[in-house]
Amino acid sequence: MLEVTGQHRECQEQLRKRARDLLASGEIAAFIGYGNGSLPWVPRPIVVRSPEEADRLVWNSFLTLNLANYLPGVLKELEPPRRRGEQVDPSTLPRVGIVATGCWSRNIVIQVQENQVDRSRVHIIGISSRGMISRHSFKQALGGKEALKIVENDHEIEVTLSHGETMVLSRWEYVRPNCKTCIHPGPVVSDETIGPPPGRRLVDERFREIEEVEAKDSQGRWEWFEEAFKDCIRCYACRNACPLCYCPTCFVDDSRPQWVGKSIETPDALTFHILRAYHCAGRCTDCGACESVCPVGIPMRLLTKKLIKEAQMLFDWEPGMSLEEAPLLGSFSPDDPDIAILKGGEKGT
Amino acid sequence: MRYSAYRIDRARLIEAINMLGPGFDVRVAPHLETGESGPGENMVKTFMFPQPEVLFTFKKAPPTADDVDLLREPSLPHTTTLLFGIRPCDARSIHLNGLAYEEDTYFWHRIEGAIIVGYLCKTVLSTCFCQRVGSGPDDTRYMDVVMMDVEGDHDALLLHGITEKGMIFLSQELGPLLIKCGGAKEEIEQSLGSRQYPKDTNTLDTLLSSDLMALYNAPFWDQLKDGCLNCGICTFRCPTCYCFDIQDETLGAKGRRIRYWDSCMFPLFTQHASGHNPRGGKIFRVRNRFMHKLKYFPDRFGAISCVGCGRCVRDCPVNIDIREVLDNLLEVARS
Ligand code: SF4
Ligand code: SF4
Ligand code: SF4
Ligand code: SF4
Ligand code: SF4
């Protein structure tokens, strides 16, 4: 069981109310949010389809999946069947509500830019994120004990363990590194917002994690890569949790040609990770969903973060910041820096 | 009579394990040392189903080739694998998978060459539910040797041979390396006698007598699927998920055929060459995993294909909980 007090409690109440109203008025047919699950530290992504169910919605610091991931699927599910090629006026189709923090809303922007989501069919309720807690470090903090109940206050997490023991953790200490260094915790697009604006001091230290790896020489980086990724079990949770990954056939599943071997042997696992990261170049919002769902704690987010840094330095690009912009890899400007093609490997200006 | 009951010192046992000869491939569960509850890491699964497993190697024959090298079976190891510290749930998974792998030479070669040294559970985790699926923390049925804690003394362990294989191993291999303490036999009997967990047979009977289509068409699947990522975590963590795919890998004129884990949660699992996918939607795949474990497998083999270890419950990133699915199914079955 997970209970919240303070700011998150207020957000939760307003969220339930707004979702209930939107469903009752018929403005939306479904609402994507989080509900409580059977384990207190793993809230469950849910789709609420009636106003009565809106009270199942929760808001707390344990929401580590990116809900944008579910949006295209839920929109599609609500479309009546139609023949191939048949055109439908989107304004006649049912709409979907969703709650979104900064990065989730940026992923929705990307879905709109990439024609996966029709903006007019989505009602976004924005909430500024106070940072979500890393399941990996939370588990570590419990030192092998089980959390039976969690009460979350604004700055503290009270955990009841088996045999009635309790433990109090300072919330910020367990917030995920991507959240700690995030400079856009508030929604970039929304139809309404609830809760207070971001209260924390935003310091741009986004690339500190990357700089540590970059500081190694090429041999050192290779060793880091092999060591950090060798335990991957190829469960693809990282891929499936990512709102950027919607290809009907992923490159890992292609057999003609077969881009990458199927085993969990190191060369295959490393190839999978490099390719996956590159497919997210110029698109990844550093939402951290991939890293949060991994059952073995692979830091695959650092690969995409490196690409965020490259896109930032070369093109002054931050993904998903505006609906008006064309995606980085889907646009060309004669002023683009040329680091490889015409200038033969020299860094362009 | 063979000496097959021991009371020993935990640290001394670990030392003795390390002293066993080179004929043994020894794998020790970390909780043997720590005494931590729960099934722990999935040693049994990676032992039953190596990832990947080379079924054979092959090469392209030059015109005058000697046929023997064309296709080569792997040399199956002749060492005895010792699995130390296996919980009752995991020990039982070997038996359940054996039902489906009845004719699989590779599987049985490994199992027959293994000695399962089980370790009874002193306490259970909140996610453990072995009792609901036909077993319990005291289940010694699928072990060759059983170990158990001594109440109030973390340093002591009781060891007891169960099968012929286990007794021989204890008396001839491990026993000589141990310092025996008297009285073990009575203590073991008493300890086993005090661990009487009630077993639930009602669940299995209800599932068996229920109507398959009623379970299949139950309305709850529709909500259950909403959060699922269709990833491989629950199946890859599960000791009773045994599905695989096969692939030929070639390099130049040589190649190997490997078997590796697959998952019914993946769309590719059922993708036809025509492009049609009979389990095209998420709901079909989610439903299949649970229907297979809780209905199709029981109908065919008379047991639930889940040992209640709770790994999928703990590791599912979106908290899809097989215990709730089971409750939902039982509710439908009883209505
Ligand atoms: S790659 Fe990871 S961090 Fe980036 S958008 Fe996808 S899930 Fe989020
Ligand atoms: S990195 Fe983690 S989540 Fe991704 S495939 Fe590997 S084990 Fe699964
Ligand atoms: S499921 Fe049962 S047998 Fe397995 S670890 Fe838990 S209590 Fe022990
Ligand atoms: S039930 Fe959970 S672990 Fe299994 S495929 Fe779905 S999201 Fe992954
Ligand atoms: S289905 Fe879940 S609880 Fe059952 S054996 Fe598999 S991992 Fe364990």
Side-chain angles (χ1 to χ4, degrees), chain A residues 30 32 34-49 53 64-65 67 69-70 73-74 76-77 135 139 143-148 162-163 233-242 245 248-250 252-255 258 261-265 268 289-290 292-296, chain B residues 31 34 36-38 42 46 51-54 123-127 222-237 245-249 256 258-263 265-269 271 273 275 277 281-283 310-311 313-324:
Chain A
I32 306 174
Y34 273 98
N36 273 330
S38 63
L39 303 176
W41 69 95
V42 197
R44 191 179 279 183
I46 55 169
V47 181
V48 173
R49 296 184 174 85
E53 278 183 300
T64 51
L65 275 103
L67 291 182
N69 192 34
Y70 296 99
V74 176
K76 195 149 193 340
E77 206 180 276
R135 272 180 212 169
K139 244 197 239 168
K145 300 206 176 83
E146 283 190 289
L148 301 182
S162 37
H163 312 300
I233 57 169
R234 302 279 297 269
C235 69
Y236 302 135
C238 50
R239 175 195 69 182
N240 294 10
C242 176
C245 284
T249 307
C250 174
V252 297
D253 294 336
D254 254 339
S255 54
Q258 183 163 351
K262 295 281 198 177
S263 80
I264 57 165
E265 286 168 352
D268 290 341
C290 48
S292 298
V293 297
C294 177
V296 286
Chain B
H31 54 222
T34 61
E36 216 172 282
S37 313
N42 213 335
T46 42
Q51 167 75 317
E53 173 178 21
V54 180
T123 49
V124 308
L125 296 181
S126 67
T127 43
D222 200 37
Q223 267 203 3
L224 184 78
K225 66 140 202 334
D226 280 338
C228 180
L229 298 171
N230 272 167
C231 68
I233 295 181
C234 51
T235 44
F236 286 4
R237 280 296 195 231
D245 195 1
I246 282 183
Q247 183 116 123
D248 286 349
E249 289 182 339
R256 60 175 194 171
I258 57 165
R259 170 154 79 174
Y260 59 97
W261 301 355
D262 204 348
S263 166
M265 285 292 191
F266 296 158
L268 197 66
F269 188 71
Q271 181 82 43
N277 195 336
K282 187 153 88 170
I283 186 169
R311 287 189 180 90
V313 181
R314 284 190 293 281
D315 283 348
C316 172
V318 303
N319 187 245
I320 288 183
D321 188 330
I322 187 171
R323 295 169 301 174
E324 285 175 21

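Order of the sequence lines fixes the chain letters, A, B, ..., with proteins taken first and strands second; residue numbering starts at 1 for each chain.
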Report the distance from atom [atom1] of [X] to atom [atom2] of [Y], rounding to the nearest 0.5 Å.
{"X": "Leu268(B)", "Y": "Cys250(A)", "atom1": "CG", "atom2": "SG", "result": "10.0 Å"}
{"X": "Ile258(B)", "Y": "Glu265(A)", "atom1": "CD1", "atom2": "CD", "result": "6.5 Å"}
{"X": "Arg256(B)", "Y": "Ser263(A)", "atom1": "CZ", "atom2": "OG", "result": "5.5 Å"}
{"X": "Asn230(B)", "Y": "Cys235(A)", "atom1": "CG", "atom2": "SG", "result": "12.5 Å"}
{"X": "Asp253(A)", "Y": "Phe266(B)", "atom1": "CG", "atom2": "CZ", "result": "8.0 Å"}
{"X": "Ile233(A)", "Y": "Arg237(B)", "atom1": "CD1", "atom2": "CZ", "result": "5.0 Å"}

Counting only heavy atoms closer than 4.5 Å, note whether [X] contacts chain A via side chain, backbone, both or neither.
{"X": "Gln247(B)", "value": "side chain"}
{"X": "Cys316(B)", "value": "backbone"}
{"X": "Thr127(B)", "value": "both"}
{"X": "Ile233(B)", "value": "both"}

Qualifying residues under side chain to side chain donor-acceptor pair (under 3.5 Å), relative to Tyr236(A), sequence neighbours excluded:
Arg234(A)
Where does [X] contact chain B at under 4.5 Å (heavy atoms): side chain, backbone, both or neither?
{"X": "Leu65(A)", "result": "side chain"}
{"X": "Lys145(A)", "result": "neither"}
{"X": "Asn36(A)", "result": "neither"}
{"X": "Leu148(A)", "result": "side chain"}
{"X": "Arg239(A)", "result": "neither"}

Keeping Glu249(B) on the side-chain end and Gly261(A) on the backbone end, is there a donor-acceptor pair under 3.5 Å?
no
Just to verify, which of Leu229(B), Val318(B), Asp315(B) counts as forming a side-chain contact (heavy atoms from CB on, under 4.5 Å) with Val293(A)?
Leu229(B)
Heavy atoms only: give me the nearest Gly37(A)-Asn319(B) pair and the separation to one decimal.
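Looks like CA-OD1, 2.9 Å.
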For residues 36-49 of chain A, the salt bridge (charged side-chain N to carboxylate O under 4.0 Å, His left out) pairs (sequence neighbours left out) are Arg44(A)-Glu324(B), Arg49(A)-Glu77(A), Arg49(A)-Asp226(B)
Would you check, one step at a time, whether the test side-chain contact (heavy atoms from CB on, under 4.5 Å) holds for Lys139(A) with Arg314(B)?
CA-CA 11 Å; Lys139(A) 244 197 239 168; Arg314(B) 284 190 293 281; over 6 Å; no
